[in-house]
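Below is one structure; the comments refer to it alone.
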Protein chains: 2
Amino acid sequence: MVLDERKRYILESIIKDYVETAEPVGSRSIVRKHGLNISAATVRNEMADLEDMGYLEQPHTSAGRIPSEMGFRYYVDCMMEKESLTDEEVEILGKKLQESIREWNDVAQGIGDFLSQVSNYASFIIIPSIKYSHFKYLHLVPIQEGQALVLVVTDVGLIMHRRIDIPRGISPEDLQAISEVFNRVCKGKKIMELRRSELQILRDDLKKRQQVIDRALEAVDNLLDNTADEKVLISGALNILKEPEFKDLDKLKRILTLLEEDGLFKGIIPDNISQDVDILIGKENQSEDIQEMSLVFTGYRTAGEMGKMGLIGPIRMEYWKAAGTLDSVRTIIEDLLHNRF
Amino acid sequence: MVLDERKRYILESIIKDYVETAEPVGSRSIVRKHGLNISAATVRNEMADLEDMGYLEQPHTSAGRIPSEMGFRYYVDCMMEKESLTDEEVEILGKKLQESIREWNDVAQGIGDFLSQVSNYASFIIIPSIKYSHFKYLHLVPIQEGQALVLVVTDVGLIMHRRIDIPRGISPEDLQAISEVFNRVCKGKKIMELRRSELQILRDDLKKRQQVIDRALEAVDNLLDNTADEKVLISGALNILKEPEFKDLDKLKRILTLLEEDGLFKGIIPDNISQDVDILIGKENQSEDIQEMSLVFTGYRTAGEMGKMGLIGPIRMEYWKAAGTLDSVRTIIEDLLHNRF
DNA sequence: ATTAGCACTCAATCGATGTGAGTGCTAACA
DNA sequence: TGTTAGCACTCACATCGATTGAGTGCTAAT
């Protein structure tokens, strides 16, 4: 559907005003605020047209208009210009990342915090499952008599550990030797292939140290069970308290619960995701739970796998800023991942 | 102040009713619900007395009475019987703990979750700073050419790690040797004494491996900076959404923010804390931010240090259940800590 | 095609009124 | 002297109608 210049301008004005104030926008206030040299009556006619076409709606007869979800969709598809991070904001993020040169988990948390602070919406960032990353290194470290640490390192530099009990009398050299066997067998395998059953071969190989290997295998199993899933980090959930549309306690409760309970959240993010910024407005969301919210999200590439991140806000959302921010942040962190890890 | 039997019974009735319903309690409903064989008028006289003494108050002239903070205090001090966990609940906790035989951090999180679920209030659990625990073991583990892992183990079994860059040409044997020097010098020191300046001695000792030691020292510094403070875990913050006293959005926002932002929370928990269950009701709290809430908390002993945990709810709180729960959980986790770590 | 003018709509606000749960006081009673 | 029935009084809360005002749609003039 093609709109003429003036209709586009009016639609945009209404969207900007409505996003800012959360109030229906009237014809008078448009001419006043946006310096049009046509009369309110003309605007009214145009608005009536836009409503017929489905881009606007009226809460009730004597109120102004608000953009419909379709109106937002049109704006996002045909008119929006993404607003990237300012230099200042980029600098802030840079500093934040420099402070935490630590594990990627921490970095991700930092990025999530940044996203929610700069946008004033709730942010999420999903770290891809380690299942598909590659095993690099296993080390058995003696901790004290009777205990050792199983240390697993992956190719993206993720480090996981578990403590195990070992029989007395196993020397550090024994542990070293066992580690070496592990590494020989597992080199380059995918993490998800380190399953116990497939490593039984080791056990048969080295009868004598059977018990240590058994324990180590258990630890690896355990690590996989507990960390293999993708990880969801939410930041700034309380930002939604700022939005007037959630002054209703029940709504608020539903949404906060959705954001706080790990399990619930995963369901609302689409599976197939690209490196473009994608937008789902209100009922466009598959999951009913967030059909009164909008989702702006993108994928980021990390060592072969695809992570996801995005922002969650009201339908009346600053899509231009949200989309621009995500664009900027994605390129920044992909650079970072490429250079640092 | 001593109250006669009947006044005590009436006070208790009012507290139980008010905690349950959050509504002012009238004289009629007391005789009705609690099967007293005196008339409402008599109860009214008693209530007037209790109000004069400060144990009750009236929101307005024509409403029923609600317990004052002083009334709750009297109840807690002189009448309350703690209600321990049921056998069922103990079993649930046991199962939960068995599932997570992992790090103490995870166990603590599990306990926090349990507390908030079983009580329907927000829970907190504070893991004491590792500053005062003792260094047990340091290990430098080669990860790949040019990188090593600094592994620090404390006497309570906490394991921390940081990755460092090392010059090419350092062999695993070199790392082993350096580790041994570290361990010799640091054995039995408190973690907070592992500060860089005090370990310079190492550096002078081994000119040749200077750079590795430098990096390792940096890593240790870094670990201390980032993990040395006590750690606060909050669970079930959203439980406060259930309480009618927080239907006011502003209040709600203040309190949720307090619970979600790490820094803010520490200020509201008293410093000196014993292994008894302690209760702070409303304005008894030092911190203004939670003077419209109550705090029920206790200390737990872990390897020499004192951790803290507790529940946060409205003034109209089920103190008996909260206090009993904390009592039970404390003994359970002290057993656990004693046996397992 | 645009605009001024005007009647119309309807949410929101305000005030008056009624209702009811609960109290305090008094006088009678055991 | 403690207890109780009776009754007038208070006050939050709900309900109803009137008023207000921002905004619309329609019509007729430009």
Side-chain angles (χ1 to χ4, degrees), chain A residues 2-11 13-18 20-68 71 244-245 247-248, chain B residues 2-11 13-18 20-68 71 244-245 247-248:
Chain A
V2 174
L3 296 184
D4 67 53
E5 199 52 42
R6 195 166 67 185
K7 281 199 176 57
R8 288 164 64 95
Y9 187 79
I10 290 175
L11 177 58
S13 301
I14 292 176
I15 285 178
K16 295 272 170 165
D17 276 18
Y18 179 63
E20 190 184 340
T21 65
E23 300 282 320
V25 184
S27 53
R28 264 182 70 91
S29 74
I30 289 179
V31 269
R32 215 180 323 117
K33 271 219 229 166
H34 298 268
L36 278 171
N37 47 3
I38 51 177
S39 78
T42 311
V43 175
R44 275 204 290 282
N45 289 330
E46 297 285 43
M47 281 161 76
D49 287 352
L50 284 168
E51 186 174 355
D52 284 344
M53 293 186 253
Y55 297 125
L56 295 180
E57 50 196 33
Q58 252 180 322
H60 54 266
T61 340
S62 73
R65 303 297 207 298
I66 64 175
S68 66
E245 32 268 271
K247 64 184 190 311
D248 173 33
Chain B
V2 173
L3 296 185
D4 66 54
E5 199 51 43
R6 195 167 66 185
K7 281 198 176 57
R8 288 162 66 94
Y9 188 78
I10 290 175
L11 178 58
S13 301
I14 292 176
I15 285 179
K16 295 270 170 165
D17 275 18
Y18 179 63
E20 189 184 339
T21 65
E23 300 282 320
V25 184
S27 52
R28 264 182 69 91
S29 74
I30 289 180
V31 269
R32 214 180 323 117
K33 270 218 228 165
H34 293 91
L36 277 171
N37 46 4
I38 51 178
S39 80
T42 311
V43 173
R44 275 204 290 282
N45 289 330
E46 296 285 42
M47 281 161 77
D49 288 351
L50 284 167
E51 185 174 358
D52 284 344
M53 293 186 253
Y55 296 125
L56 295 180
E57 50 196 33
Q58 250 180 323
H60 53 267
T61 341
S62 72
R65 303 297 209 295
I66 64 175
S68 66
E245 31 269 271
K247 66 184 189 312
D248 174 32

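Naming convention: chains lettered A, B, ... in sequence-line order (proteins, then strands); numbering from 1 in each chain. Values below: all heavy atoms of this structure, side chains included; hydrogens, waters and symmetry mates excluded. Nothing here was measured: the structure is a model prediction, and the numbers come from that model.
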Respond yes when some side-chain nitrogen or oxygen of A:Thr42 is under 4.0 Å from OP1 or OP2 of C:dT2, and no when none is.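 So the side-chain polar atoms of A:Thr42 never come under 4.0 Å of the phosphate oxygens OP1 or OP2 of C:dT2.
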Would you say C:dG24 has OP1 or OP2 under 4.0 Å from some side-chain N or O of B:Arg65?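 Yes, within the criterion.
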What is the separation between atom [atom1] on [X] and atom [atom2] on [N], rounded to the nearest whole Å?
X	N	atom1	atom2	answer
A:Met47	D:dT24	CE	P	5 Å
B:Asn37	D:dT4	CG	C1'	13 Å
B:Lys7	D:dT3	NZ	P	9 Å
A:Asp52	D:dT24	CG	C1'	14 Å
B:Asp49	D:dT1	CG	C1'	14 Å
A:Asp4	C:dA1	CG	P	12 Å
A:Ile14	D:dT24	CD1	P	9 Å
A:Ile38	C:dA4	CD1	P	12 Å

When you look at CZ of B:Arg8, are more than 12 heavy atoms from neighbouring residues, nucleotides or ligands closer to it than 6.0 Å?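 Yes.
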Would you say the side-chain atoms of [X] pair up with the backbone N or O of [Y], donor to acceptor, closer than 3.5 Å?
X	Y	value
B:Thr21	B:Asp17	yes
B:Tyr9	B:Leu36	no
B:Ser68	B:Gly54	yes

base_contact_polar (D:dT10 base, B:Ser62 side chain, donor-acceptor, <3.5 Å):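 Yes, a donor-acceptor pair under 3.5 Å.
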Side chain of A:Arg44, base of D:dG25: donor and acceptor closer than 3.5 Å? yes
I want to verify a distance call: between [options], whose nearest atom is closest to the [X] side chain?
X	options	value
A:His60	D:dT4, C:dG24, C:dA11	C:dA11
A:Asn45	C:dT3, D:dG25, C:dG24	C:dT3
A:Ala48	D:dT3, C:dC10, D:dG25	D:dG25

With heavy-atom distances below 4.5 Å as the criterion, would you say the side chains of B:Ile15 and B:Val25 are in contact?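 Of all side-chain heavy-atom pairs linking B:Val25 with B:Ile15, none is under 4.5 Å.
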Tell me which of B:Arg6 and A:Ser27 sits closer to the 5' end of DNA chain D, going by the nucleotide each one is nearest to. B:Arg6
